Amino acid sequence: MLLKTLNFHRFKCGFAPVLRASRLFSNSPPSDVQQPSDESISGKQVKPERKSVVPSNSRFIYPEFLPDPKIEWRNSLREKLERMDMIQRRKHIDIPEFYVGSIMAVSSSNQHAPNKATRFVGICIQRLGCGLRANFTLRNVIKHVGTEMKYQLYDPTIQKIEVLRLEKRLDDELLYLRDAPNEYSTFDENMEVEYLPEGAPVPVNPEMVKLKPRPWRARWERKNMKGLADLGLEDRFYERAEELATPWEKYDLMKQYRKTIPEEEQKEIFAEVYSELHEVEVMRKKLKRKKVFIKPTKNV
Amino acid sequence: MSKIMKRTVFDLPSSFRITFGGPMVLQSRTAHNVRAPRIKYPLWYLQRERAKDDQQLTGDNRAFVKEAVHDKFGMPAVIHGISTYDVRSPLSEDSVECLNVEWNPKLQRTGLIARKLGNYPMWLDNGKSVLSTLLQVIDNHVIKYIPPGEFNPPRKPYSCPNHKKPLGCLLVGAESADPQYFTKQYCGLFYREGMMPKKYLGRFMVSPEAALQPGTPLLASHFRPGDFIDVRGKTIDRGFQGVMKRHGFHGMPATHGVTKSHRRGGNVGHGGEKGRIFPGTKMPGHMGNRYRLHKGAEILRINHKYNVIWIKGIASPGKTNSIVYLYDTILPLRKHKSPPPFPTSKVADDDQLIDSYKEHVYKFTDQTITYEEDK
C-alpha cells in the first residue's frame, strides 16, 4: 500500500516531463498585443475565477518559492517571511520566466562602472537555490575570454532582467560549456528580444555540444549528459563510468521523496503566493500598456 | 522538594565517598583552581513530563476536561503567529507603566527566550549582502521574581562565590501548553501566578529596578533595531570527532609516504623534563552539545507581528528550531547608548507597525539600489 501511494506521488510531483507544462501564465512581452483586448472586454468578470486557479506549472516558473526540502533546515514561519520579502521585491522588478539554456541580459548597479550600471548578456548555465538565496549563472565569451556572472535573483542592485531568447536545453545544467569551444557560448551583446507567441510551449533547443579534448573540469562521461556529442574517449573510460553508474537510484522512492517538496505542500505554498504574484503581473501589464499608449500622444 | 533533597544529599562528589573495607582515603586528582560541579538543582527544577497514561476517558469526558482547562486559563488563540492560550494574569495589569525608574547603564534588564528559525540574506543600502539569523520570541511571560536577598542559587559563580551583587532573579517561561501533559508539581510553579504551564523556562539576573510582575508578556520590541545582543544556546551535537573537525588541525599529507595518519593530530608531548602531555592539549573527543554564547550580534530588523528578530551573522549556536536565550550584550563598547525600553516594552495597541529596520538596511519595499554618478 505504501509503495503504491509513493509511486503515485512520484509520478505526480517528482520529475514530470517539463515539456508538457503549458505556458498558461507567461511573463513574455508579446502579450500586450492580444491580452489588452481580452481583458478589457471581460476583465472583471473573469478575475475571481482566475485567482483561485493556480497553474500547474508554477513550480517550473517560480522554483525558488519552494523551500529547501532538507528537513533539518525547515521552518514554516521563516519560509513564509522569506516569501513575503520575495513578493515585495518582485513588485519592484520584473523577474521573468526563464530556464537553464535561455539567453538573458541582466542590468545591475555597479559602483565601479562608468555609468554606475553594467549589462551582461549570456546563456543561463545554472539555476540554484531557493528563497532569497536563489541565483543563476550567465556565461558568455567576451573578447575571446569565457566570462561567467553569478546573480542573486533577489539582489536589490539588479535593475532589469530580460529574457532575450526563451528556450531550454537538453540538460538541467550546462556547466560542460566551460570545456566546449568558445563558439558554443558566444552570444551577441546587442541581441534583440525574440518573442514567442502567447501560450506556446517553451521550445527545447536540441543542440549537441562537442567538447574540446581532455583534460576537462569534470568527468563528463560519468555524468550522463544528454546534450553532449560523442566524447571520443577510449573504451576504458566508458567501462569505468558503467561500473560507477547508479541506475537503481531513480527507483529509490524514498530518496526522490526526500529530495522534493510534496505536492500537497507545493499547492499550499502556491495558493498562498499566487494571488499576489498574479496581481503584480496584472499591474505590470497595465503599466506596459499605459507606456505604449502614452508615446503616440506625445508625438502628436 | 523531597526529591531534590534526596538528589543533593546523596550525590556527593566521588572524593568524599566512603570506601568500605579499608581506611577512608581522600583523593583529589583534579586541578585546584577548578571546582568539581556539584549537582544541585534550582527551585524550579522539577519533573516536567508526566508518564504517558491512557486514562481511558470517554469522548465526553475528554471534552469536559478540555472545557475545564479553557474555562480556567482561556481559550486557545493564535497570538503573534504562535498557537497559545488567551490567558491574562491579573498581576500583569499596568505592571510596566507603574514603574517610573529612569534607565541608567548600570541597570540590568531581563532577557528573552527565542527559537532559532534559520537564516537568509539581507542587503544593506549600499548593495552589500549580509547573512542574517532569524530568532522568534515565542510567547514569553514573566513567571516569578525572586528579590536579591532571597535568591540563593545552589551553584554560586566559580570566580567569586561569596560575591553579593544586588541582582534579583527573573524566571521567564516560553510557549504555553496544555497542563494535562505536565506533572502536578511542575504546573504548581505557574498556578499561583495565574499562568499556563510553559514548555521552556529561563532564568535572568536583573537589577531590582528592572523587576517585572508575573504574567507580564515580553515581546521582540524589548530590543530595538541597531542594538547588540548576546545569544546563548546549545551547539549542534556532533558526537566524538577527530582533531581536524574539532579543533581545525590541518592533518597530514595524503601522499609522500604518509600512511594511516592523514587526519591525525601528530605530536602531543615533549621530551625531557616536560615529558608528559600538558593538561588542555587539543585532542579528539566529544564535540558540541554544550552551551555557548555568541556575543555582540547586531539587530538588523524586527517584525512585530510575528515577534521575529533578524541578527547579523550566522554564528549563533544551535540547530534550526532550537531554543536560544537573548540578553543585552556584555561587550562594554556595544552596550546601549540611548535608553532602551525599560524595564521592558509595552504591548503596542496599534498593529500598524509591522517591520522596523536598522538604519542603512535595505527594505524589500524600497526601490532598486542605484549609485549616483561621481562629479
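We name chains A, B, ... by the order of the sequence lines, and we start the count at 1 in each one. Computed from a predicted structure; not experimentally measured.
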Is the shortest heavy-atom distance from the side chain of [X] to the side chain of [Y] under 4.5 Å?
X	Y	answer
N119(B)	R133(A)	yes
L132(A)	P121(B)	yes
F364(B)	M84(A)	no
T368(B)	R89(A)	yes
V308(B)	L81(A)	yes
Q159(A)	T370(B)	yes

More than 12 heavy atoms from other groups under 6.0 Å of [atom1] on [X]:
X	atom1	value
M191(A)	CE	yes
H360(B)	NE2	no
E192(A)	CD	no
K295(B)	NZ	no
R219(A)	CZ	no

Let me know if [X] has heavy atoms under 4.5 Å from chain A in its side chain, its backbone, both or neither.
X	result
D355(B)	neither
S129(B)	neither
Q136(B)	side chain

Item to check | Between Y120(B) and D85(A): side-chain donor-acceptor atoms closer than 3.5 Å | outcome: yes
First locate atom [atom1] of [X], then atom [atom2] of [Y], and finally report the distance between them rounded to the nearest 0.5 Å.
X	Y	atom1	atom2	result
S76(A)	N321(B)	OG	CG	8.5 Å
K80(A)	L117(B)	NZ	CG	12.5 Å
S109(A)	N126(B)	OG	CG	11.5 Å
N115(A)	Y371(B)	CG	OH	15.0 Å

Checklist outcome for this item: Expected contact set for residues 64-74 of chain A against chain B at heavy-atom separation under 4.5 Å reads E72(A), W73(A), R74(A)
Next on the checklist: Q152(A): which residues meet the side chain to side chain contact (heavy atoms under 4.5 Å, CB included) condition with it, sequence neighbours left out?
Outcome noted: N135(A), D155(A), W123(B)
Next on the checklist: Please classify the contact between I87(A) and chain B as side chain, backbone, both or neither, with a heavy-atom cut-off of under 4.5 Å.
Outcome noted: neither
Next on the checklist: So, using side-chain hydrogen bond (donor to acceptor under 3.5 Å, both in side chains) as the criterion, who are the partners of E243(A) when residues are at least two apart?
Outcome noted: R240(A)
Item to check | By side-chain hydrogen bond (donor to acceptor under 3.5 Å, both in side chains) - contacts of R236(A) (at least two apart) | outcome: E234(A)
Checklist entry - How far apart are the C-alpha atoms of R78(A) and T320(B), what are their side-chain angles, what is the distance that settles it, and do they pass the side chain to side chain contact (heavy atoms under 4.5 Å, CB included) test? => result CA-CA 10 Å; R78(A) 193 209 54 236; T320(B) 302; 4.3 Å; yes
Next on the checklist: Assess the residue pair K116(A) and D374(B) against the criterion (side chain to side chain contact (heavy atoms under 4.5 Å, CB included)); give the C-alpha distance rounded to whole Å, side-chain angles, the decisive distance to 0.1 Å, and a yes or no.
Outcome noted: CA-CA 9 Å; K116(A) 300 290 170 195; D374(B) 305 326; 3.3 Å; yes
